[in-house]
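Heads up: the structure comes next, in structure tokens.
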Amino acid sequence: MKKYKCTVCGHVYDPGEGNPDSGIAPGTAFDDIPSDWLCPICGVGKEDYELME
């Protein structure tokens with residue numbers, strides 16, 4: 001699964017880990033996260049994440 005990185009603070013969303021503190025279960029692809037999800041570190045939206053190559 002592809003990882004995504006916050007362009008503001010550098011937080012990496014790893015689908016293998018999910019984001020349990022935000023209700024995102026491990027194994028959840030970035031595209032399947034609700035559109036109102038926010039970065040757990042700096043609070044920006046999904047639009048400020050970019051695919052890690």
Side-chain angles (χ1 to χ4, degrees):
M1 294 183 111
K2 299 174 182 175
K3 295 180 182 179
Y4 286 78
K5 184 176 182 178
C6 178
T7 59
V8 176
C9 74
H11 171 262
V12 174
Y13 176 76
D14 181 347
E17 296 177 8
N19 187 231
D21 292 341
S22 298
I24 309 298
T28 303
F30 188 78
D31 291 339
D32 294 334
I33 296 173
S35 60
D36 62 349
W37 178 81
L38 301 175
C39 174
I41 305 299
C42 69
V44 298
K46 285 178 64 176
E47 65 276 2
D48 290 308
Y49 275 74
E50 61 183 20
L51 177 62
M52 293 178 69
E53 298 293 331

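If you're wondering where the values come from, they're calculated on a predicted model, not measured in any experiment.
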> Which ILVMFWY residues are connected to Val8, directly or by a chain of links, through side-chain heavy atoms under 4.5 Å apart?
Replying inline: Val44
Can I get a per-line list of side-chain donor-acceptor pairs under 3.5 Å for residues 11-26, giving both atom names and the distance, sequence neighbours left out?
unit_1, atom_1, unit_2, atom_2, d
His11, ND1, Tyr49, OH, 2.8
Tyr13, OH, Thr28, O, 2.6
Asp14, OD1, Gly16, N, 2.9
Asn19, OD1, Ser22, OG, 2.5
Asn19, OD1, Trp37, NE1, 3.4

>> With side-chain hydrogen bond (donor to acceptor under 3.5 Å, both in side chains) as the rule and sequence neighbours excluded, what pairs involving residues 1-10 come up?
In response: none
>> Quick check for you: to the nearest 0.5 Å, what is the distance between Leu38 atom CG and Lys46 atom NZ?
In response: 11.0 Å
> Between Ile41 and Cys9, what is the shortest heavy-atom contact and its length?
Replying inline: CB-SG, 3.6 Å
> What about Phe30 and Met1, same hydrophobic cluster or not, with Ile/Leu/Val/Met/Phe/Trp/Tyr joined at side-chain heavy-atom distances under 4.5 Å?
Replying inline: no
